[in-house]
Amino acid sequence: MGPISVKVKLFASLRTGRFEERDMELAPGTSVRALVHALGIPGQEVTLILVNRRHRDWDHVLAHGETCALFPPVGGG
Amino acid sequence: MDKILRIDMGAAGGPSMKEEPVGAYAGLGGRAMTSAIVSKEVPPLCHPLGAENKLVFAPGLLSGSAAVISGRLSVGCKSPLTGTIKEANSGGQAAIAISRYGYAAIVLEGKPATNDLYVIHFGKDGVKIKSDKSLKMLPNYDLVDKMKAAYGEKIACISIGPAGEMRMGAASIAVTDMETRPSRHAGRGGVGAVMGSKGVKAIVLDMTDLKMRQPKDVEKFREANKKFTEGLKSHPVTGQALPAYGTNVLTNILNEAGGYPTKNFSGGVFDGSAKISGETIADLETKRGGLATHGCHTGCVIQCSGTYVDKNGKFVSKQPEYETVWAHGGHCGISDPDVIAKLDFMDDNYGLDTIEMGVTIGVAMEAGIIKFGDAEGAIRLVDEVGKGTPLGRILGSGAEVTGKAFGVERVPVVKGQAMPAYDPRAVQGIGVTYATSTMGADHTAGYAVATNILKVGGFVDPLKPDGQIELSRNLQIATAAVDSTGMCLFIAFAVLDQPETFQALIDMLNAFYGLSLTADDVAALGKQVLSMERDFNARAGFTAKHDRLPRYFLNEKLAPHNVIFDVKDSDLDQVFNW
Ligand code: SF4
């Protein structure tokens, strides 16, 4: 199987020195944990993982065409 | 803070004052104080704009002390917008000033027989009340300039703009910030209209030489305050995210979660969100020479606010809150931050609740008065409200009245108050709070978004009904207690996650008052406040049938998750069954 394509979005402080949005080619079976590691983001900096607008955890295996949004701890109201 | 000042605005021969000991209300602050006075003294069936209603200003238990972030002010009355009891909460300098003058509450009572407009001034030689017709229909910023000229630069001002004088349902009460700008508002529920009905344009408090309130146990208090501050600084939300991006950091996340109410709650994702996100606006402020991190009152250590400036670096408004950016932005299909900041300023200046006003404009768009996305049209409509044209009078009465006047079915209100920036179908916990809060649709009353979306205090799936009742119940209880301390509600992000920070808050209260409260006592206080409010509402004619969302949230699916609000009515009736 060839690589899959996933849209990755970073928000708030995760953008600093990185990017806002990027289409990435990933090996099939890549988890969110592996993606975050590959991006060089320390795990504790990410608290919110939304894949196709749903909360997912670190072990979620990304599928072709999915959008993965990563957030640091945020709050407001 | 051991006395209450009562001002009878309707006394024969002009307003009269009476100072009395705090008496039966001893030990109460903030929302506990306003709700206790209103529920005990205001006839629940009274007209909110009549002489029988009372308008209560109460600083929190710790306001005016050295406790950090303790300067929130509670404003209570029977609400002309909802017909329920109301506590509207504001930042700014006034709570600090009132508490340092020694008052646990200022109560405006009665109603003048004439159309005089009064200024109440607190200074070295006591409290003076003066009629000044020249202030009529002055917007808040112009009014504060006049007050500074008359009473000096070092003042805190509580005031209404034209909207309050016209007794509009969307009218707010403005409170000046550290720069003496009327940028902080007790926004919700039409409290400004009640102040207008009392004939009070402004309460001006001289802040020179006011003494800090001292704790009973200085050492213990200092220690607890230090621990509390450290807790706020070390939590990533209160220590980093809120200072850096403000509340508007939520735009992107609610949008990513599909719960961002777009174009009058017709969808959960807004295509213009990136242009108005907290990241974008913080960046813009910094580049233009504004401020992305700023406090709304002395002693705030979170500093979620900022200063929004135009291309030339000129002041436009304070940094608009998430709720404002949403109400005037995504809800109306508008994605120009300069327009939103201008609308924020206009609301502050005319004295309008940004949530009620923004939601109303969206309802007007649904009615076809102007089109979604029409930024100039939105500015024109808010101007009509401030000027009091016939159309402006309708819009200024809020979303529900506007929906009725123009035959709109989809009007996002509960108990007559506009919903804030979270669609209850995609964030079901906040839907429970909207439906059941004693205040009408109010996100701050039990901020389930924290646990549904932000994973603070655990995680409860936002798209399912399971666990939402308990979540909303616990948050409503905790919030009623926090609102009584004078603390900003945003401390909750740290307090929910860090038991030692919660304990430091309790230690601070104990050291200040020489008490030995436990966490259970704090929860009991929250329950007591909610019970007083529920009791008032019941006597005002509210039943379980009013604790419901508008039917279309149960019948029409929200994209992209294609969900309805799925919490059963019988479960909603269990929220206050503790
Ligand atoms: S965190 Fe924000 S709203 Fe709360 S007191 Fe500080 S500046 Fe005001």
Side-chain angles (χ1 to χ4, degrees), chain A residues 4-24 26 30-77, chain B residues 235-242 244-260 268-269 274 277-280 282-283 302 304 321-323 420-422 426 430 443-444 447 449-450 452-456 459-463 488-490 492-494 496-497 559-561:
Chain A
I4 57 165
S5 169
V6 169
K7 188 185 285 299
V8 179
K9 294 182 176 179
L10 303 180
F11 294 97
S13 55
L14 298 181
R15 287 179 175 177
T16 313
R18 299 194 186 91
F19 58 89
E20 289 184 19
E21 189 177 314
R22 184 176 285 174
D23 291 313
M24 293 182 70
L26 302 172
T30 301
S31 66
V32 174
R33 189 188 314 279
L35 168 69
V36 169
H37 185 75
L39 290 169
I41 304 175
Q44 76 274 12
E45 284 186 21
V46 177
T47 43
L48 300 170
I49 302 159
L50 287 157
V51 179
N52 284 5
R53 308 195 183 281
R54 279 180 189 266
H55 287 85
R56 298 292 183 202
D57 58 30
W58 291 98
D59 296 323
H60 175 82
V61 174
L62 293 159
H64 180 72
E66 281 184 336
T67 297
C68 177
L70 302 173
F71 292 82
V74 290
Chain B
H235 191 277
V237 172
T238 47
Q240 289 158 32
L242 276 171
Y245 303 105
T247 54
N248 191 25
V249 75
L250 293 178
T251 294
N252 278 328
I253 174 131
L254 263 303
N255 201 53
E256 277 308 312
Y260 186 85
V269 174
S277 72
E279 289 91 330
T280 304
D283 208 36
I302 298 180
C304 77
E321 301 287 348
Y322 167 61
E323 304 294 336
Y422 318 86
I430 204 70
H443 62 299
T444 64
Y447 194 62
V449 179
N452 278 175
I453 300 290
L454 308 171
K455 292 199 169 178
V456 173
F459 178 62
V460 174
D461 188 337
L463 300 173
C488 173
L489 196 51
F490 293 156
F493 291 107
L496 283 170
D497 276 344
H561 289 300

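Lettering follows sequence order; numbering is per chain, from 1. Predicted, not measured: the structure shown is a model, and the values here were computed from it.
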Q: Would you check, one step at a time, whether the test side chain to side chain contact (heavy atoms under 4.5 Å, CB included) holds for B/Val449 with B/His443?
A: CA-CA 8 Å; B/Val449 179; B/His443 62 299; 5.8 Å; no
Q.
Suppose a student defines contact as a heavy atom less than 4.5 Å from any heavy atom of chain B. Which residues in residues 65-77 of chain A would they list?
A. A/Ala69, A/Phe71, A/Pro73, A/Val74, A/Gly75, A/Gly76, A/Gly77
Q.
For B/Tyr322 and B/Tyr422: C-alpha separation, side-chain torsions, deciding distance, then whether side chain to side chain donor-acceptor pair (under 3.5 Å) applies.
A. CA-CA 11 Å; B/Tyr322 167 61; B/Tyr422 318 86; 5.3 Å; no
Q | Any residue of residues 38-47 of chain A which, by heavy atoms, sits under 4.5 Å from chain B | A | A/Thr47
Q. Should B/Phe493 and B/Leu242 count as side-chain neighbours, where that means a heavy-atom distance under 4.5 Å?
A. yes
Q | Contacting moiety of B/Ile453, where chain A heavy atoms sit under 4.5 Å | A | both
Q | From A/Leu50 atom CG to B/Asn255 atom CG, the distance as rounded to the nearest 0.5 Å | A | 11.0 Å
**Q.** B/Ala274 backbone acceptor or donor facing B/Thr280 side chain under 3.5 Å
**A.** yes
Q: Check each atom of B/Leu250 against the heavy atoms of chain A and say whether the ones under 4.5 Å are side chain, backbone, both or neither.
A: side chain
(Q) Test of understanding: with side chain to side chain contact (heavy atoms under 4.5 Å, CB included), list the residues that count as partners of B/Gln240, not counting sequence neighbours. (A) B/Pro236
**Q.** Donor-acceptor contact present, side-chain A/His55 to main-chain B/Pro462, <3.5 Å
**A.** no
Q) Among B/Ile253, B/Asp461, B/Leu463, B/Thr444, who wins on heavy-atom pairs under 4.5 Å with chain A? A) B/Ile253
(Q) I need the A/Thr16 OG1 to B/Glu279 CD distance, nearest 0.5 Å. (A) 9.5 Å
Q | pair A/Arg53-B/Val269: side-chain heavy atoms closer than 4.5 Å | A | yes
Q. Distance from A/Leu10 atom CG to A/Phe19 atom CZ, nearest 0.5 Å?
A. 4.0 Å
(Q) How long is the straight-line distance from CD of B/Glu256 back to CG of B/Leu254, given to the nearest 0.5 Å? (A) 10.5 Å
**Q.** Any donor-acceptor N/O pair, A/Glu21 side chain to A/Lys9 backbone, under 3.5 Å
**A.** no
Q. Using non-hydrogen atoms only, which part of B/Asn452 is less than 4.5 Å away from chain A: side chain, backbone, both, or neither?
A. backbone
Q: Kindly say whether B/Ser277 contributes a backbone atom to a donor-acceptor pair with the side chain of B/Tyr245 at under 3.5 angstrom?
A: no
Q. So which heavy atom on B/Ala282 is nearest to which on B/Ala244, and how close?
A. CB-O, 3.8 Å
Q) Taking atom CG of A/Asn52 and atom NE2 of B/His561, what is their separation to the nearest 0.5 Å? A) 9.5 Å
Q: May I ask you to list the residues in residues 56-64 of chain A that approach chain B closer than 4.5 angstrom, counting heavy atoms only, ordered by number?
A: A/Arg56
Q: Go through B/Val249, B/Ile302, B/Leu454 and name the one with the most non-hydrogen pairs under 4.5 angstrom from chain A.
A: B/Leu454
